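Structure record follows, encoded as structure tokens.
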Amino acid sequence: MCDDDARPESALGRRALFVTSAAAALTLGSVSFASAEGAADAADGSQETRTLRGTLPTGSPDFVYVPVEVPAGVREIRVAYTYDRPTVPAGTAGNALDIGLFDERGTDLGGRGFRGWSGGARTEFFVRADDATPGYIPGPVREGTWHIALGPYTVAPQGLSYEITVTLTYGQPGEVVPPKYPPSRAKGRGRAWYRGDCHLHSWYSDGRRTPAEIAALARAAGLDFINSSEHNTHAAHPHWADLAGDDLLIMLGEEITTRNGHVVALGTDPGTFVDWRYRARDNRFGRFARQIRRAGGLVVPAHPHATCIGCNWKFGFGEADAVEVWNGPYTPDDEVALADWDGMLVASVREGRDGRGWIPAMGSSDAHRDPDTVGSPQTVVLADDLTREAIQEGIRAGRSYIAESKNVSVSFTATAGPGQHADIGGRLKVAPDTPVTVRTEVTGAPRCVVRFVTDQGVLFTSPPLPVSGAGVVEWRTTPSYAAYVRAELRHETAAGPLPGALAAFTNPIFLTP
């Protein structure tokens, strides 16, 4: 047994501590097992175990690495850990310690050594050639220096005391199973409106549902496509292959969960891993946003005004292809995100771009477990077909609206005369004083009100729709009065000036001279 202490170096005594990058990571002294000669003589199935203990102080770096010297002949590496959770004063964060693993190829940012991440969702994991704990990548356990990655998410004033147990099992490795991935197209209906949920979690990160359960719930929710988006791992990618079908397109991605906000990589190439070990001050996000695009994906900041620690988006929106304005059940932070997004629409007009370069809005469930509802909300996209590329192009162009469920359908158009017509995400080019009729047709929204929002704010609110939930609402304006118009469908409020929760909202139509 060996004891580690990750307090300042002067207090270490027995083991070395190395700072690997400024205020970013620590590397502890290594944990060693049998020599190569001893490993060669180990009986098949024999095991060796080492336990190390340490304490991380408040103000610890984001990541602490524990090197593990793995000899030849190892079939499986297994890691278990615990840490203390002392009582803390009100308003003070307690202890939370994430964990992951890098193999002998190293811990370089964006490197090839990543072998899995479970965050705080699991207390133990294993990796071997033919299998691994959900969240981890199966493959050979090769000789060399591996690293256990600790992420002290929050540390109590008393510090964070941990214990890690590493067990190596010797013997012949199992057979590596080549990954199989879902196809990038489904049957589709040609050019049509397709419903999707692009932010979901299974047991391959911190969710509690299997991919099979999620696929079944997606079909029940009327979805045509979903996107795998586990926290900081691509381990789930091969496990969706048998769940796709003519009726369900399954795209692959990741939720890159940094300490300064989360971003969904939407529809990347199978097997793409995107690193998350940086903050906004490190000026590295652009590098990984470009990696997402090179892998065929979209960059979508998630829940930008969420209140959980590290969830609020701080990287800016210069790299965003879309932004997740509505995340799960509609809450005040979604209302703030909607207002912030609307401000970005105004800026795109104010800066003389006539709406060019605007960032479309999306909505996703971020469902993890019961009672989280898959497909609430959902993004409804006008796409040329049910393929990864066509869905992404529809999202990127803003040809979409967000609805609370499959029951809600919205059409939204602007017309100025024969041949002068624009739909959601489009641009109607007419003279500044040309009368424009804005029209929305709704089904599935009983007693909801329709609001038309422009760069001046809300300029029209309809009476409540009938209990049938169907209705048509029209409003007239001009490009000089409204640079853009978007539609909101709100649940009727019981009292007071605040708007009701959203039932749906559309991306804008720009009215330009």
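On a predicted model such as this, the values are computed, not experimentally measured, just so you know.
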Sub-3.5 Å donor-acceptor pair from the side chain of T268 to the main-chain atoms of G296, do we have one?
-> no
Please check if the side chain of N260 supplies one atom and the backbone of A280 the other of a donor-acceptor pair under 3.5 Å.
-> yes
Worked verdict on D269 versus R388 for salt bridge (Lys or Arg N to Asp or Glu O under 4.0 Å) = CA-CA 10 Å; D269 294 336; R388 178 178 76 158; 3.0 Å; yes
How are the rings of F63 and W117 set relative to one another: parallel (under 30°), tilted (30 to 60°) or perpendicular (over 60°)?
-> perpendicular
What's the verdict on salt bridge (Lys or Arg N to Asp or Glu O under 4.0 Å) for D385 and R191, showing C-alpha distance, side-chain angles and the deciding distance?
-> CA-CA 5 Å; D385 208 346; R191 187 171 177 84; over 6 Å; no
Check against side-chain contact (heavy atoms from CB on, under 4.5 Å), T272 and E254 | CA-CA 8 Å; T272 298; E254 180 186 334; over 6 Å; no
Separation of S364 OG from I226 CD1 (nearest 0.5 Å) = 11.0 Å
Could you tell me whether D62 and R277 make a salt bridge, using a distance below 4.0 angstrom between a side-chain N and a carboxylate O?
-> no
Find the distance between CZ (R115) and CZ (F125) and round it off to the nearest 0.5 Å.
-> 11.0 Å
With ring centroids as reference points, do Y83 and Y162 lie under 6.0 angstrom apart?
-> no
Establish, from distance only, whether the side-chain atoms of D334 and T331 form a donor-acceptor pair under 3.5 Å.
-> yes
Test log, rule salt bridge (Lys or Arg N to Asp or Glu O under 4.0 Å), inputs R490 and E492 = CA-CA 6 Å; R490 298 267 184 171; E492 189 178 20; over 6 Å; no
Neighbour count >12 (heavy atoms, 6.0 Å) for atom CH2, W203 = no
Sorted by chain and residue number, the side-chain hydrogen bond (donor to acceptor under 3.5 Å, both in side chains) partners of R287 (sequence neighbours excluded) come out as none
Stepwise side-chain contact (heavy atoms from CB on, under 4.5 Å) test for Y181 and L252 | CA-CA 9 Å; Y181 300 113; L252 304 176; 4.0 Å; yes
Heavy-atom pair of closest approach, residues H491 and C448 | ND1-SG, 3.6 Å
Rounding to 0.5 Å, atoms CZ (F102) and CG (D108) come to a distance of 9.5 Å
Residue R396 excluded, over 12 heavy atoms near CZ under 6.0 Å = yes
Aromatic ring centroids of F288 and Y278 under 6.0 Å?
-> yes
Ion pair check, D370 and R208, cut-off under 4.0 Å | no
Lys/Arg N to Asp/Glu carboxylate O, D423 vs R399, below 4.0 Å = no
Separation of I391 CD1 from R185 CZ (nearest 0.5 Å) = 11.5 Å
Do K180 and D242 sit within salt-bridge range, that is, some charged N less than 4.0 Å from a carboxylate O?
-> yes
Please say whether more than 12 non-hydrogen atoms of neighbouring residues, nucleotides or ligands are located less than 6.0 Å from CG in N283.
-> no
Lys/Arg-Asp/Glu bridge criterion (N-O < 4.0 Å) met for D321, R293 = yes
side-chain contact (heavy atoms from CB on, under 4.5 Å) evaluation trace for N95 with V155 = CA-CA 5 Å; N95 284 337; V155 178; 3.9 Å; yes
Is a donor on one side and an acceptor on the other found under 3.5 Å between the side chain of T440 and the backbone of S411?
-> yes
Between F273 and H234, how do the two ring planes meet: parallel, tilted or perpendicular, split at 30° and 60°?
-> tilted
Where does the angle between the aromatic ring planes of Y204 and H239 fall among parallel (under 30°), tilted (30 to 60°) and perpendicular (over 60°)?
-> parallel
Test: E76 and R78 ion pair at under 4.0 Å = yes
What class does the angle between the rings of W341 and W358 fall in, given that below 30° is parallel, 30 to 60° is tilted and above 60° is perpendicular?
-> tilted
Heavy atoms only: give me the nearest P183-A244 pair and the separation to one decimal.
-> CD-CB, 4.0 Å
Test S409 against R195 for side chain to side chain donor-acceptor pair (under 3.5 Å), laying out the working first.
-> CA-CA 10 Å; S409 294; R195 295 176 178 265; 3.0 Å; yes
Side-chain touch D103/R112, heavy atoms, less than 4.5 angstrom | no
For the student: nearest non-hydrogen atoms of V323 and I359, plus distance | N-CG2, 3.9 Å
Under 3.5 Å side-chain donor-acceptor pair for T257 and H231 | yes
Carboxylate-amine/guanidinium contact R189 D224, below 4.0 Å | yes
Working to the nearest 0.5 Å, report the span between CD of E175 and CG of D131.
-> 13.5 Å
For P499 and R451, work out which heavy atoms get closest and say how close.
-> CB-NH1, 3.8 Å
Mind checking whether Y401 and F505 have side chains closer than 4.5 Å, heavy atoms only?
-> no
Donor-acceptor contact below 3.5 Å, side chain Q392 vs main chain L266 = yes
Under 3.5 Å, side chain of Y81 to main-chain N/O of V166, donor-acceptor pair present?
-> no
Do the ring planes of W313 and F315 sit parallel (below 30°), tilted (30 to 60°) or perpendicular (above 60°)?
-> tilted
Do you know which of V349, I509, N507, L511 makes side-chain contact (heavy atoms from CB on, under 4.5 Å) with Y484?
-> V349
Side chains of E324 and H303, donor plus acceptor under 3.5 Å | no
Are N227 and H199 close enough that a side-chain donor and a side-chain acceptor fall under 3.5 Å?
-> no
Ion pair present between D455 and R486, side-chain N to carboxylate O less than 4.0 angstrom?
-> no
Any side-chain donor near an acceptor of the partner, T307 and D333, under 3.5 Å | no
The reported gap from OG1 in T233 to CG in L101 (rounded to nearest 0.5 angstrom) is 11.0 Å
If we ignore angles and hydrogens, is there a donor and acceptor under 3.5 Å between the side chains of Y330 and E404?
-> no
Pair W240-S228, side-chain donor/acceptor within less than 3.5 Å = yes
Compare every heavy atom of T379 with every heavy atom of G363, then report the nearest pair and how far apart it is.
-> O-OG1, 2.8 Å
Kindly give the heavy-atom pair with the smallest separation between V374 and R209, and that separation in Å.
-> CG2-NH1, 3.7 Å
May I ask you to decide if G375's main-chain N or O and Q378's side chain share a donor-acceptor pair within less than 3.5 Å?
-> yes
Flag for Y136-S118: side-chain donor and acceptor within less than 3.5 Å = yes
Would you check if there is a donor-acceptor pair between the side chains of S202 and E230 at a distance under 3.5 Å?
-> yes
Does any donor atom in the side chain of S205 or R122 lie under 3.5 Å from an acceptor atom in the other side chain?
-> no
